[in-house]
Every structure is written in C-alpha cells, then in structure tokens.
J.: 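Supplied in structure tokens, the structure appears directly below.
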Amino acid sequence: MSDQKASFNTWFVPILIGLSIIGFAAGLSFLFPWSSISYWAVDFTVFYSAASAIAHGKDPYILANLVQYAPPATINAVLSYSYPPLLALLLTPLTALPLETASRLWLTLNLLTPGVSTCMVLWATSWKPKPIVLAALILGATLSLPCLYTYVSGQASLWSLLWASTGLILLSRKHYASTGASWALSWAKPHPLLLIPIVLLVRSKRALIVFIMISLVSLGLAFRWLPSWPQAVIDTFKANAGGRETLYQATALGVLSYLGTAGLIVRAAAGLVAIGLLTMLAHQQADWRTLAVAQLSLGLLVAPYIGRSDVAITLLPILLILSDRRSSARPVALLALTAWAMPFMCVLLRVTLNIDWLLLPLVWGGLSLWIQAAAAAWYVIVTIPHFDITPTSL
C-alpha cells in the first residue's frame, strides 16, 4: 500500500503543480488589464495579421494586406511582417479567434515558456538542484527583463526559446532527426539562432535533412508569396536602421551601425570567424553541451539584429554552463550568472541613480550578450581537455 501511495504522489503532485501553474498563467493572461499598456501586443498583432492574410489567400509581406486585419494605426513600415512564412503558417489556427483573445492565449504560452524551458534544460543535463534553487531559477527566468518585454509586446522570442530548449533535450538523448525538427520550428524566428544549420551540417546529416525538409515545406506552402519576402526584409531593416533606432536594439555589435560600410565589413568578418570557430568545434568530439553553449552564444553575438526580447535566449547557454560540474565550481559560473543578472542590475541602478541610458537595450542587452560570450569562451576552454581531437561524425 505504501508503494502505491508513493507511486501516486510521484505522478499526482507534479501534475497538480503543473495544472496550478497553467491555471495561474491563464488567469493572469485573461484577467489582468494588459490592453491598458500602450504597446500591448504590438508584435503579436503583426504575426496575427500575417497569419490572417495567409488564411485568406493573401500575401503576408504586402503592408496593405496586413493593415486589413489589424486595428487602425498598428501596422507600419517598422511593424510589418518580415520573418520566414513558417511562423505565420503556424499561427493561422489562432485567426479563428478575435485578436484580443488570440493575443491573450499567446501571452499564456509566453508566461509558461521560461519556466518550462528551464526545466527542459535541467532534464537534458540531469541537473537536480535543491527546491529553493530550482524555484530561484524558474522565477529568475520568468521575471527576467527580456521576458517581461515579450509578455507585453507578444514577440516570438520565447517561441524560439521553447523549441530550442526542446532540441537540447533531444540532442542530449541523441535523437538527431527530432533535434532537427525542433530546431526547424525554433527557426520560425531565425536571427537569434543563425548558427543552428552549421552545427547540424557538421554533426548530424539526419538532423540537417529534417531541418531542411521542414523549412522547404513551409516555403512551399507559401511559395506564391515568396517573391515579395526579400523586399519586405530590406524595407524592415531600412526602417529600423540608423539613428536612434540602433539604441533600441540589444545587439552586441549594435554600435557598428554608426560606422556605415566599415561596420558592415566588421560584422561580416565577425560572422565568418564565428562560423569557422563553430565548425572547428563541431568537428571535434565535443560533448553536446559544450557545442550548444558555443552555438547559442556565438549566434547571439554576431546576429545582425537582436531585439530586447531576443536576449531571453541567453537563458539556455547560462543554464548549460551552471549545470556542468566542470564549470559550476569555477569563476566561469559566476560570470554566467553576471550575464543573467545584468538586466536586473541595470534596472536597479536606473531606479536608484536615475540614469535613463541604463535602460537602453543596447546597454543592458549588449552588456549581457558580451558577458555571456565571455562566459561561453571560458567554458569551452575549461572543457577542451575533455575532448578527443580526432574528427568525428554523428
């Protein structure tokens, strides 16, 4: 009888806790007056409008088509759809609902994602922290500044976070084809995760094939609208480039935008170096955790554009570093925690010192990305002695 009771508690308690958290997130999404916030769901409105355009057989990359399915004055040159068609295709079921209802369902998913992703990384690494530490990790992830921005604006960064963390579990279990599928879904918003195809190309041909197949299927479903996609991307970048707009990006190399052509050359060189470093590392018998830390950190560092909500992706390499006994007792763990804490510190200093520029994404986001990159480099160096330098293929 005692064994049955223990088995019951093993399953019942986690399920009850999970349902309670889901209920709380749903209640917060639908009961809190989110719409009273000035920039509530500004990004989700774009995704919803693009999905609505597709559902009605219209080109989601034409600004006039988006305006038809959005409230007045919510779609413009800056707020327009320029992502691959996959995200809009996946969101088409939500277009059966009113925008306000759909946005609150999207918010519920976003509220749950940081905690779920944290637990996924713990599962992937078999890290079992004490309950108080686990609670601190989940709370710290859920209340991080980039996530708070995402809740309000309805960005898709936490969608990428969810599928990227799912891919880490699958990678740790050597389910390579499923890893490719999961990371293809995370690539619905590709720019924070640019280097994923490089890892798949070098380490697992099966994963790469699945990744490419899902990408091609999504492109095929939207083939008739693809000719206007490149121009939509160019127009969006032009609308966001230069001037004060750069200050509102969290890109690590954002200051290069002020250097014109020279800045583009430096960005291109940094990208090529990142690809080379990751390719060299992927050819070695580096364990999946080291490779994932390098991939995620380098991708964020050299991305041409990182919005403030995209900084949430740093949660994954930070947790991977903290979970590894090879680094947890070293200063590299403290450096990783500093990257995580940087947005909190900037908010605290802004409140106490009344220094407005501390809340510029280029400041708190850029610092967080650079510190995270330093922690990742240190982590890779720490784990290099554990490699076999003989090239291998998965």
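Please read these numbers as outputs of a predicted model, since none were measured by experiment. Residue numbers count from 1 along this sequence.
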J.: Check whether Val266 and Leu272 end up in the same hydrophobic cluster, where Ile, Leu, Val, Met, Phe, Trp and Tyr are linked by side-chain heavy atoms less than 4.5 Å apart.
T.: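 Not linked; separate clusters.
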J.: At what distance, to the nearest 0.5 angstrom, does OG of Ser49 lie from CD1 of Ile75?
T.: 4.0 Å
J.: Between Thr142 (side chain only) and Leu139 (backbone N and O only), is there a donor and an acceptor less than 3.5 Å apart?
T.: no
J.: Is it the case that atom CZ in Phe30 sees more than 12 heavy atoms from other parts of the structure closer than 6.0 Å?
T.: yes
J.: Counting distance only, does the side-chain N/O of Ser172 pair as donor-acceptor with the main-chain N or O of Ile169 below 3.5 Å?
T.: yes
J.: What is the distance from atom CD1 of Ile355 to atom CG of Leu358, rounded to the nearest 0.5 Å?
T.: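 So the gap between those two atoms works out to 5.0 Å.
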J.: Considering non-hydrogen atoms only, spot the tightest contact between Trp40 and Tyr151 and give its length.
T.: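 Smallest interatomic distance, heavy atoms only, reads CZ3-O, 3.6 Å.
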J.: Say whether Gln155 and Thr150, considering side chains only, have a donor N or O and an acceptor N or O under 3.5 Å apart.
T.: no
J.: Is it true that Ser323 and Arg289 share a donor-acceptor pair across their side chains at a distance under 3.5 Å?
T.: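 Short answer, yes.
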J.: Sorted by first residue and then second, give each side-chain hydrogen bond (donor to acceptor under 3.5 Å, both in side chains) pair with at least one member in residues 89-100; sequence neighbours left out.
T.: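 Found Glu100-Arg104.
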J.: Has the side chain of Trp187 got a donor or acceptor atom that lies under 3.5 Å from a matching backbone atom of Leu193?
T.: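 Checked: pair present.
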J.: Can Thr113 and Asn110 be counted as having a side-chain donor-acceptor contact under 3.5 angstrom?
T.: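 There is no such pair (donor and acceptor under 3.5 Å, judged by atom type) between the side chains of Thr113 and Asn110.
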J.: Please list all pairs passing the ring-ring contact (aromatic ring centres under 6.0 Å, His included) test where one or both residues lie in residues 98-141, with sequence neighbours left out.
T.: Phe44-Trp106
J.: In this structure, would Trp288 and Val121 fall into the same cluster of hydrophobic residues linked by side-chain contacts under 4.5 Å?
T.: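 Looking at the clustering, Val121 is in the same group as Trp288.
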J.: Do side-chain atoms of Trp370 reach the backbone of Ala252 as a donor and acceptor pair under 3.5 angstrom?
T.: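 Yes, the answer is positive, given that a donor and an acceptor are paired below the 3.5 Å cut-off.
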J.: So which pairs with a foot in residues 217-228 pass side-chain hydrogen bond (donor to acceptor under 3.5 Å, both in side chains), sequence neighbours left out?
T.: Asp59-Ser228
J.: Would you say that more than 12 heavy atoms from the other residues, nucleotides or ligands in this model lie under 6.0 Å from the CZ of Phe223, or not?
T.: no
J.: Restricting to non-hydrogen atoms, name the atom on Ile54 and the atom on Pro60 that form the minimum distance, rounded to 0.1 Å.
T.: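 Closest heavy-atom pair between Ile54 and Pro60: CG1-CG, 3.8 Å.
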J.: According to the ring-ring contact (aromatic ring centres under 6.0 Å, His included) rule, which pairs have a member within residues 337-361, sequence neighbours left out?
T.: none
J.: Once rounded to the nearest 0.5 Å, what's the spacing between atom OG1 of Thr179 and atom CG of Leu170?
T.: 4.5 Å
J.: Under 4.5 Å between side-chain heavy atoms, hopping through other hydrophobics if needed: is there a path connecting Ile371 to Leu369?
T.: yes
J.: In this structure, which one of Leu353, Asn354, Val347 forms a side-chain contact (heavy atoms from CB on, under 4.5 Å) with Arg350?
T.: Asn354
J.: Measure the CG-OG distance between Leu171 and Ser165 for me, rounded to the nearest 0.5 Å.
T.: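 So the CG of Leu171 and the OG of Ser165 are separated by 12.5 Å.
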J.: Taking ILVMFWY side chains as joined if any heavy atoms are under 4.5 angstrom apart, and letting links pass through other members, which residues group with Ile209?
T.: Met213
J.: How far apart are the closest heavy atoms of Leu195 and Ala274, and which atoms are they?
T.: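 Closest approach of Leu195 to Ala274, heavy atoms only: CD1-CB, 4.3 Å.
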J.: With no hydrogens and no angle check, is any side-chain donor or acceptor of Thr352 less than 3.5 Å from a backbone partner on Leu348?
T.: yes
J.: Taking all heavy atoms of Cys147 and all of Ala312, pick out the closest pair and write down the distance.
T.: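 For Cys147 and Ala312, the tightest heavy-atom pair comes out as SG-CB, 4.0 Å.
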J.: Assign the ring pair Phe47 / Tyr81 to parallel, tilted or perpendicular, where the plane angle (0 to 90°) is split at 30° and 60°.
T.: perpendicular
J.: Has Ser368 got a side-chain atom pairing as donor or acceptor with Trp364's backbone, closer than 3.5 angstrom?
T.: no
J.: Quick one: does any side-chain atom of Trp34 pair with a main-chain N or O of Leu28 as donor and acceptor, under 3.5 Å?
T.: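 Between the backbone of Leu28 and the side chain of Trp34 there is a qualifying donor-acceptor contact (under 3.5 Å).
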J.: Does NZ or CZ of Arg206 come closer than 6.0 Å to the centre of the six-membered ring of Tyr176, within 45° of the ring's axis?
T.: no
J.: State whether a side-chain donor-acceptor pair under 3.5 Å links Tyr305 with Asp310.
T.: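 Note: Tyr305 and Asp310 side chains miss the donor-acceptor criterion.
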J.: Taking all atoms of both residues into account, what is the closest heavy-atom pair of Ala294 and Val380, and its distance?
T.: CB-CG2, 4.3 Å
J.: Is the number of heavy atoms from other residues, nucleotides or ligands under 6.0 Å of Ile132 CD1 greater than 12?
T.: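 No, the 6.0 Å shell around CD1 holds no more than 12 heavy atoms from other groups.
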J.: List the atom of Pro317, the atom of Gln372, and the distance in Å for their closest heavy-atom pair.
T.: CB-NE2, 3.2 Å
J.: How would you list, by chain and number, every residue that makes a side chain to side chain contact (heavy atoms under 4.5 Å, CB included) with Ala270, sequence neighbours excluded?
T.: Leu253, Val302
J.: In terms of hydrophobic clustering (I, L, V, M, F, W, Y; side-chain heavy atoms under 4.5 Å; direct or indirect links), are Leu296 and Val116 co-clustered?
T.: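 Yes; Val116 is reachable from Leu296 via cluster members.
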J.: To the nearest 0.5 angstrom, please state how far the OH atom of Tyr61 sits from the OG atom of Ser80.
T.: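 Spacing of OH (Tyr61) from OG (Ser80) equals 11.0 Å.
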J.: Do Ile275 and Met280 sit in one hydrophobic cluster, given that two such residues count as connected whenever their side-chain heavy atoms are within less than 4.5 Å of each other, even indirectly?
T.: no
J.: For the CG atom of Leu162 and the OG atom of Ser186, what is their distance to the nearest 0.5 Å?
T.: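 That separation rounds to 9.5 Å.
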